Amino acid sequence: MRFSFLKPANTMRNQILAVFAAVMVIVLGAVGLLAYNLVTEIIKENAEGQIEQTAVQALGRIDTQYETIDLITSQIATDPAVQQLLQQETAGMQANFAERQSMNEIINSYQAYTTGLQSFELYFIDERRLFPLNELPLSIRVSPEWIDAAEEARGRLLWAGEDPLDAQAFLAIKQINMPEEDFQRGGYLITVVQDTYFNLAGAAEQLDIQEEYALLLDQNGQEIAGNMPEELRDDSLNGSETVLYNDEEFVRAEAISDNTGWTLVILSPVSLLLEGLPGIGTAIIIAGGTGLILFIPASWIVSSYLSRPIRQLTHAMRFGTLGALRKSRRISSTVEMNELNDTYNEMVETTNHLIKAVYEKELLKTKAELRALQAQINPHFLFNTLEAIHWTLDERDEEMAEVIISLSDLFRYTISETDDDLVTLEEELQHAERYLQIMQLRFEDRLSWRVEIDPLYREQRIPKLLIQPLIENALLHGIETCRGGGTVTVTASQAKVEGYLEISVADDGCGMSKEVLERVRASLDNREKVDTKGTGLALRNVWQRLEFVYPDDDPQLLIDSIEHTGTTITLLIPIKGGLPHAHETSTDRR
């Protein structure tokens with residue numbers, strides 16, 4: 001053979017050593033990989049938390065800058081000189097050039113306290129400009145939607161987005177209210193904010209996010225500031241935890257301001273977060289290699305210690321012969337190996353004894369088979385005898401002859417064998433009718449019955465001798481105790497539960513009391529004995545057979561009874577196989 005040169009090395013010791021070494025390599029590799037991944041995930045999770053905290057801090061700084069704008073605009077809106085001009089305008093007295101010119105000094109005094117706020121513009125309620133001194137109306141500066149929004153905000157500062165007249169500036173609008181006039185609307189204040197006011201680069205220097213991408217969006221999703229490339233913005237806003245850009249993975253953090261509704265998105269490269277991982281991976285590899293070097297000699301020692309007693313036992317077994325086996329000498333090893341050696345010696349003694357007993361057991365087996373063959377002759381003798389009685393009575397008593405042949409058929413059906421102990425529903429009902437015909441000898445005119453079967457289920461296979469015990473219960477415990485007799489009704493049709501066949505046996509006999517009914521129902525599950533003259537035993541037998549034949553299909557046995565009215569036993573049996581076409585079968589006997 002191609003690998004025959006390896007056969008001498010195929011020893012138990014070498015196999016144990018190879019298996020141990022392979023297991024150790026797998027374990028060390030799995031543990032190392034798991035540790036590496038776990039450390040990576042921990043670092044990434046901690047980094048994500050730090051980035052989120054960074055985003056919150058940066059957004060807090062931006063909120064502070066926004067609050068500065070709100071504070072300055074509130075001071076301008078409540079300035080006495082501004083309020084006086086707006087009140088005059090409301091009263092119908094238009095401001096002259098000198099009064100409007102005086103606003104320049106007031107506005108400049110507020111503007112001197114901050115940088116990044118390019119200018120402030122005042123407008124009357126009718127949207128005419130109060131300051132600066134040109135006649136540009138308010139509707140040219142902002143869209144009517146923002147004017148309506150400012151009125152609804154009633155003095156709260158609103159961010160209106162990009163300045164339509166200056167691409168490098170943004171606008172904020174606020175309605176000016178007059179406290180002395182019951183806070184009536186007096187005018188509007190427009191603030192022109194430079195696009196460098198919210199400087200994310202400056203925030204990055206303070207918060208140590210220089211190597212990251214950042215993007216600040218207003219409440220309408222418009223960009224305010226940021227250094228994020230255009231092709232990266234859509235991916236950064238999809239809500240995923242990581243973003244891939246230029247074959248590099250970035251961790252995404254997002255913060256939303258409760259005050260302004262603005263969103264700050266920060267992307268940090270994973271490579272920056274995992275700078276220390278190569279050293280951890282090297283340490284794991286060194287530790288795994290050291291463990292493997294120490295493990296291989298230890299595995300060699302253990303495998304040699306385990307295989308030596310087995311080789312000694314194998315040497316002893318080679319001296320065995322077909323007639324008798326020779327015992328092995330005592331070995332000194334582990335408890336398990338000593339027990340194996342002792343067990344082998346006991347097996348040798350037992351085997352020699354069993355060899356002598358085999359012939360006797362074969363004789364006993366042959367005798368048992370002969371008895372079994374003889375036992376099969378008795379039922380056939382009974383059938384032949386009943387057939388002879390039938391032909392003898394045929395000329396004298398036709399009714400009795402029919403009963404005898406029914407009894408013969410009943411015995412033959414009872415002891416007949418099938419492959420899986422299943423018969424067709426039609427065969428089972430024919431057997432039930434033979435039983436009823438025999439029992440009519442006993443009940444005479446007191447017994448009538450009716451059998452109804454859905455033609456689709458004639459060939460449906462069910463457990464053998466399933467219906468006859470239920471009919472027997474109906475006769476012995478339902479109709480026999482009634483003076484006027486009664487009727488037994490057997491039906492088989494599609495159940496209300498899809499996929500199940502419903503078989504019911506009903507009688508209009510004496511029925512059961514509620515107490516007896518509950519005990520009979522309880523006996524189906526707990527197997528307890530009930531004082532119901534055998535009813536519980538027969539039903540338990542039927543129920544146990546259903547559970548045995550259909551362990552996974554949830555069959556059911558339902559018992560309903562009303563005292564002095566009758567009893568109905570219903571079986572729900574899973575439908576197996578197809579449903580062949582057949583003509584309707586129904587019998588009615590009285």
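The figures that follow rest on heavy atoms only: side chains count, while hydrogens, waters and symmetry mates do not. If you're wondering where the values come from, they're calculated on a predicted model, not measured in any experiment.
For the salt bridge (charged side-chain N to carboxylate O under 4.0 Å, His left out) test, no residue two or more places apart in sequence or in another chain qualifies with E502. Contacts of D553 classified as salt bridge (charged side-chain N to carboxylate O under 4.0 Å, His left out), with partners at least two apart in sequence or in another chain: K576. When the salt bridge (charged side-chain N to carboxylate O under 4.0 Å, His left out) test is applied to E563, no partner is found at least two apart in sequence or on another chain.
Residue I562 qualifies as open at atom CD1: its count of foreign heavy atoms under 6.0 Å is 12 or below. Residue-environment remark: CG (D258) stays at or below the threshold of 12 foreign heavy atoms within 6.0 Å.
Nearest heavy atom pair, residue S448 against residue T487, reads OG-OG1, 2.6 Å. Minimum interatomic distance between L501 and S493 (heavy atoms only, all atoms of both residues): CD1-O, 3.2 Å. For the pair I479 and G486, the tightest heavy-atom approach, listed with the atom from each and the gap, is CG2-N, 3.5 Å. Between L425 and A492, the shortest heavy-atom contact is CD2-CB, 3.6 Å. Scanning all heavy atoms of the two residues, the minimum distance from P555 to P574 falls at CB-CD, 4.3 Å. Shortest non-hydrogen contact noted between E254 and I256 is OE2-CD1, 3.6 Å.
Between V549 and L422, the closest side-chain pair of non-hydrogen atoms falls below 4.5 Å. P463 has its side chain out of reach of F548: every pair of non-hydrogen atoms, C-beta onward, lies at least 4.5 Å apart.
Residues W449 and Q440 have side chains that never bring a donor and an acceptor to within less than 3.5 angstrom of each other. A donor and an acceptor atom, one from each side chain of S504 and T491, are located under 3.5 Å apart. A side-chain N or O of Y457 and one of Q494 form a donor-acceptor pair less than 3.5 Å apart.
A side-chain contact (heavy atoms from CB on, under 4.5 Å) with V423 is found for one member of R461, E428, H431 and no other, namely E428.
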Report task. Using the side chain to side chain contact (heavy atoms under 4.5 Å, CB included) rule, take V490 and I471 through it: C-alpha gap first, then chi angles, then the decisive distance, then the call. Result -> CA-CA 8 Å; V490 182; I471 296 177; 4.0 Å; yes

